Amino acid sequence: FLYPAIIILASIGLKEFASSRTLRIMLLVLLSLNLMTTFFKMKQLHPYEHLYFNEISREGLKDALKKYQMDSWGVEFKEALDYIYQHDQQKDIKIYSYHVFAKLSLFILPPEAKDRLRFVKDYKEAKYAVFDYYFLEANKDRSSFGREIFKLNRQGVDLVAVYQVH
């Protein structure tokens, strides 16, 4: 029911846009500024562009993550598992994470990493624990997790962290 009204308003706007040179230049400048801002924010987030939140809303990434499920695929877990795999040479590396996407990230790692990394159900059995933004935000005092050895941070937000439990 709103579609016809949107088309009518867009048509009127296009007619005005085409008839005024000053308005056309102002809109092009504003559009260019908006596109440049978006480009630089996306560059900061790379390769996690899917976390971008529109600047017009006046909410930064941190506020948006508090209100909305931004990373429903848990993409950042791959980088955390890569870090563990590359920095620990043990044959059997036990990892704890409550998040199913951390476990699914094993499927996109090299075969030799899959053979060495193993998820355990009990936090106390693990050598490493991997937590995402939502868990980290809910647990501000992280001293009981162990020693933080890796943190993936974009735009001031800790997306994922790896803790060495023991």
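By convention here, the first residue in the shown sequence is residue 1. Everything numeric here is computed off the predicted structure, so don't read it as measured data.
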Transitive ILVMFWY side-chain link Phe40 to Val29, under 4.5 Å:
yes
Members sharing Ile108's hydrophobic cluster, built from side-chain contacts under 4.5 Å between Ile, Leu, Val, Met, Phe, Trp and Tyr, are none
Does the side chain of Ile93 come within less than 4.5 Å of Ile84's, by heavy atoms?
yes
What residues, two or more places apart in sequence or in another chain, satisfy ring-ring contact (aromatic ring centres under 6.0 Å, His included) together with Phe119?
none
Let me check something: do Ile7 and Ile12 share a hydrophobic cluster, defined by ILVMFWY side-chain heavy atoms less than 4.5 Å apart, either directly or through other members?
no
Minimum heavy-atom distance between Val130 and Ala80, given as atom pair plus value
CG1-CB, 3.9 Å
Taking a hydrophobic cluster as the set of Ile, Leu, Val, Met, Phe, Trp and Tyr residues connected by side-chain heavy atoms closer than 4.5 Å, whether directly or through intermediates, do Val100 and Phe107 fall within one such cluster?
yes
Could you work out, with side chain to side chain contact (heavy atoms under 4.5 Å, CB included) as the rule, every residue matching Leu109, not counting sequence neighbours?
Lys78, Leu81, Asp82, Leu106, Ala113, Leu117
Please tell me if the side chains of Phe77 and Asp132 come closer than 4.5 Å, counting only heavy atoms from C-beta onward.
yes
Relative to each other, are the rings of Phe131 and Tyr163 parallel, tilted or perpendicular (30° and 60° limits)?
tilted
Who passes side chain to side chain donor-acceptor pair (under 3.5 Å) against Tyr123, sequence neighbours left out?
none
Partners of Gln89 by side chain to side chain contact (heavy atoms under 4.5 Å, CB included), sequence neighbours excluded?
Arg116
Which salt bridge (Lys or Arg N to Asp or Glu O under 4.0 Å) pairs, counting each pair once, include a residue from residues 99-114, with sequence neighbours left out?
none
Mind checking what makes side chain to side chain contact (heavy atoms under 4.5 Å, CB included) contact with Lys94, not counting sequence neighbours?
Asp92, Arg118, Val120
Sequence-distant partners of Asp88, side chain to side chain donor-acceptor pair (under 3.5 Å), two or more places apart
Lys127, Tyr128
Sequence-distant partners of Tyr96, side chain to side chain donor-acceptor pair (under 3.5 Å), two or more places apart
none
Side chain to side chain contact (heavy atoms under 4.5 Å, CB included) with Tyr83: which residues, sequence neighbours excluded?
His87, Ile149, Phe150
Restricting to side chain to side chain donor-acceptor pair (under 3.5 Å), what partner residues turn up for Asp122, sequence neighbours left out?
none
Apart from Leu30 itself, which Ile, Leu, Val, Met, Phe, Trp or Tyr residues share its cluster (side-chain heavy atoms under 4.5 Å, direct or through members)?
none
